[in-house]
Amino acid sequence: MLEADPAPLAARAATILGIARAITPAHQRLARAESWLRFAIPAILGLFLISLFAITATQLLGQRRDAVADAGREIDLLARLAATSLSAVPPEAELRLDGAVPASALVAGREVHLIGPDDLIAASLPRPLPSGRRLASHLDDAQPLLILGERAGVMSVTLDGVPALATLRALPSGRGQVVVVQPLDTVTAAWQSRARTEAVVIGTATLVIICVGLAYTLQADRARTVDRVCEQVRQRLDTALCRGRCGLWDWDIARGRIYWSDSMYQLLGYVREHEFLSFGDVNALVHPDDTDLYGLASQLAAQDATVDHEFRIRSAGGEWIWLKARAEIVRDPDDGGRHLVGIVIDISEQRRLAESTATADMRLRDAVEAVSEAFVLWDAQNRLVLCNSKFRRLHALTPEEALPGRRYDTIMGRAAVPTVRREIPNTDLAETGARTFEAELADGRWLQISERRTKDGGYVSVGTDITTLKRHQERLVESERQLIATIADLKRSRRTLELQTQQLADLAERYLDQKAQAESANRSKSEFLANMSHELRTPLNAILGFAEVMQDEVFGQLGSEKYREYCSDIRSSGQYLLSVIDDILDMSRIEARRLTLVKQPVPVAVALERALKLIAEPARAKGLTLSVEMNADAVVLADERALHQILVNLLQNAVKFTPEAGRVAVRTRRSLDAVHIFVEDSGIGIPKAVLPKLGAPFEQVESNLSRSFKGSGLGLAISRSLTELHGGRLRIRSEVGVGTIVLVRLPQPQQVRADTPPRGEGGSAALPWPRAAVLETADA
């Protein structure tokens with residue numbers, strides 16, 4: 001049935017998308033002959049008009065010739081009659097035309113002249129001419145007539161500039177001649193009247209025939225245009241349905257036949273054999289567990305209803321394809337029959353996507369559950385979306401109380417809410433609705449809770465246990481307090497130093513002990529930060545990995561575009577958090593003295609080229625002018641990775657704190673035993689009071705309440721520490737509103753120092769500045 005070759009277009013011309021055309025055998029024959037009739041009928045009509053014009057013209061010319069010939073015979077008879085009448089007049093009597101020419105013979109325009117022996121006009125009818133006038137002066141072409149006489153017969157002459165017919169008859173005994181003249185327009189007046197009448201008739205018939213032919217041509221063109229438009233509409237509709245993986249159904253319930261569009265055949269992989277499918281053939285393809293067309297037909301026969309149903313149907317490859325049918329009953333205006341008309345949509349991909357989404361959601365829940373922090377996500381209506389068991393334990397909630405979909409006030413009304421002790425201001429994230437605060441639990445534990453608004457209006461909250469960090473801070477504070485108290489005691493003891501030497505020695509010993517404890521606590525803090533950074537990286541890498549998998553839709557589409565946006569937000573936030581953790585981890589390693597440097601000769605030009613590639617795009621985005629002046633022979637004795645980190649941190653700071661259309665410059669100079677690397681920018685500058693503190697961990701120019709640039713504040717501290725580990729030095733010169741210059745001084749290898757003389761500015765470690773301003777300088 002469905003595997004036969006597709007029928008040609010002519011075989012399906014009887015329907016348009018399943019709607020039958022009223023075509024009889026005569027219509028079919030006319031349709032086959034239409035291609036040549038469109039040219040034959042106008043040609044036949046044109047030939048008919050040409051023949052009609054030719055016949056009419058021939059007939060009119062013949063009638064004119066007959067009219068002229070009749071007029072010639074009449075004037076010839078009239079001339080004979082007048083000559084005969086005048087011949088009977090006695091020679092002694094006067095010749096008169098009044099009695100010789102009947103009055104009835106003098107029709108409009110006809111003239112009779114009596115010519116005397118002296119060739120002068122003796123008399124004229126119907127109007128007399130002046131006496132003594134010659135015929136040649138009255139008729140323009142009368143000379144041949146006078147010369148030939150009766151032998152000339154009827155001749156064409158000109159009477160007062162008008163063509164005319166004239167004939168001449170001589171009187172016996174030389175008494176004179178009779179001339180009859182009649183203008184040609186009076187001869188053809190009747191013929192002209194008939195010609196005009198026939199011209200009107202022929203013109204009217206021609207107009208009617210042209211209109212009929214034009215109407216036929218227009219109607220034929222319109223019919224062809226309509227057929228072409230119908231075919232284009234069908235093709236475009238099929239194309240749109242194929243592109244949308246949809247199919248058109250037209251189920252004639254009374255006749256039990258079903259029409260499928262071409263897109264339906266393409267969707268299922270079948271080929272068309274007949275225009276309509278039988279009810280049983282379609283029912284055999286439908287999955288028995290999804291629907292029964294017989295029961296559906298009975299339901300539709302009993303009442304008019306709409307259909308909105310999902311079912312499976314077998315394709316040509318034997319696979320089951322999920323379809324969603326939407327249709328309604330339409331009555332045929334011709335026979336009153338009922339048709340179920342609608343479309344079916346391929347929802348197999350949506351089904352697979354729903355399954356993939358459910359799987360991804362389960363994996364996301366498992367990932368959130370595996371996070372070591374308390375995690376909760378609320379939507380824009382303050383309804384719970386997701387939380388892990390650590391959040392429930394933190395707030396003493398049961399799984400039944402923390403069900404997704406419940407409102408925030410309902411859940412938190414039953415929860416044990418910790419006491420907020422201090423909110424940590426963060427101006428970088430203030431505009432996005434993010435905040436961070438510390439809370440103390442009833443059991444004495446401390447949490448650092450970070451909340452951030454999502455793009456859909458909700459917010460996510462992560463709680464980290466910082467109890468150990470708090471206790472270390474308390475110990476440090478206590479140690480600092482004891483140290484201050486000890487110093488105060490020492491100051492008070494100066495006045496009695498001579499009397500209390502032993503007591504002073506004891507106090508000094510206590511001071512050394514307290515200092516050792518403080519250093520030990522500081523090392524413990526660094527080790528704790530290193531361990532904590534490592535512990536944070538492990539779940540954060542899992543979050544980033546799962547977010548990347550979901551964003552790239554490795555296991556299928558997520559469905560809503562919002563999910564991809566959320567995954568992108570999770571990924572970007574996680575990467576930023578990971579970079580901060582990396583900085584903390586690097587700083588902790590440096591302070592814990594667990595960083596080992598592998599020093600080797602490194603070309604400064606190569607290291608700068610690698611670092612500049614990382615900041616080239618941000619600089620281009622801000623429209624910064626980046627100038628580089630490198631010494632190709634400059635080589636330093638350094639760890640390649642550490643040198644790269646120093647340069648990247650300094651260049652990133654220069655780009656970050658330089659406004660748009662600013663300038664960043666990099667220069668290298670060699671001295672006797674070191675290489676100087678200058679990083680110069682035209683940024684916001686650094687106040688004089690802040691310069692001594694720069695380079696300490698977590699120190700930034702902006703305060704927490706007025707920060708406009710995000711960052712951990714460890715970049716400069718890491719660069720300073722790494723520079724000092726290499727035996728080098730980092731110096732800063734800056735002025736507010738003018739810019740900043742950072743100098744990194746690194747040692748050269750021994751071989752380079754001995755063999756290669758320095759070039760450039762010699763051994764000067766001064767910081768050149770092209771402006772005339774006096775800038776403040778500080779060693780970092």
Side-chain angles (χ1 to χ4, degrees), residues 354 356-418 420 423-424 426 429-439 441 447-466 536 538-553 555 557-578:
S356 301
T357 302
T359 304
D361 184 66
M362 179 183 65
R363 292 176 179 174
L364 178 61
R365 291 179 181 274
D366 293 341
V368 171
E369 185 64 30
V371 175
S372 60
E373 291 84 7
F375 181 89
V376 62
L377 177 63
W378 306 90
D379 62 10
Q381 286 73 35
N382 283 336
R383 292 191 297 263
L384 179 63
V385 177
L386 180 66
C387 69
N388 58 6
S389 58
K390 300 174 182 61
F391 173 79
R392 293 194 296 269
R393 288 198 300 270
L394 172 64
H395 295 284
L397 293 170
T398 63
E400 292 76 15
E401 292 174 337
L403 289 176
R406 287 193 174 184
R407 296 190 61 82
Y408 174 85
D409 50 2
T410 302
I411 295 177
M412 300 310 293
R414 304 178 181 178
V417 181
V420 177
E423 183 173 354
I424 302 175
N426 192 338
L429 300 178
E431 296 181 357
T432 62
R435 61 174 184 162
T436 302
F437 54 88
E438 295 177 352
L441 303 179
L447 287 179
Q448 180 173 309
I449 302 175
S450 299
E451 294 182 353
R452 183 183 179 89
R453 282 286 178 184
T454 59
K455 290 188 176 181
D456 63 345
Y459 68 92
V460 60
S461 177
V462 179
T464 305
D465 190 348
I466 58 171
L536 290 175
T538 301
L540 189 57
N541 286 330
I543 292 174
L544 289 175
F546 285 122
E548 182 177 2
V549 169
M550 294 175 66
Q551 184 180 3
D552 296 338
E553 299 179 342
F555 299 101
Q557 297 183 1
L558 297 179
S560 174
E561 191 69 21
K562 290 292 185 179
Y563 290 144
R564 284 191 287 272
E565 297 178 4
Y566 299 159
C567 292
S568 178
D569 293 342
I570 294 174
R571 186 177 176 185
S572 61
S573 300
Q575 289 174 347
Y576 171 70
L577 183 58
L578 187 60

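In this text the structure is predicted, and so the values were computed from the model without any measurement.
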Of all heavy-atom pairs between Arg383 and Gly405, which one has the smallest distance, and what is that distance? CD-O, 3.2 Å

Residues which pass side chain to side chain contact (heavy atoms under 4.5 Å, CB included) with Thr410, listed by chain and number, not counting sequence neighbours: Arg407

Should Leu384 and Leu403 count as side-chain neighbours, where that means a heavy-atom distance under 4.5 Å? no

For the atom pair CG (Leu386) and CG (Asp379), what is the distance rounded to the nearest 0.5 Å? 12.0 Å

Roughly how far, to the nearest 0.5 Å, is CH2 of Trp378 from OG1 of Thr454? 13.0 Å

Rounded to the nearest 0.5 Å, what's the gap from CD1 on Ile570 to CG on Leu377? Could you check? 8.0 Å

For Phe375, which residues count as a ring-ring contact (aromatic ring centres under 6.0 Å, His included) partner, sequence neighbours excluded? none

Applying side chain to side chain contact (heavy atoms under 4.5 Å, CB included), run through Leu397 and Ile411 and close with a yes or a no. CA-CA 8 Å; Leu397 293 170; Ile411 295 177; 3.6 Å; yes

Which heavy-atom pair separates Val376 from Cys387 by the least distance, and what is that distance? CG2-CB, 3.9 Å

Hits for side chain to side chain contact (heavy atoms under 4.5 Å, CB included) against Thr357, two or more places apart or cross-chain, chain-then-number order -> Leu353

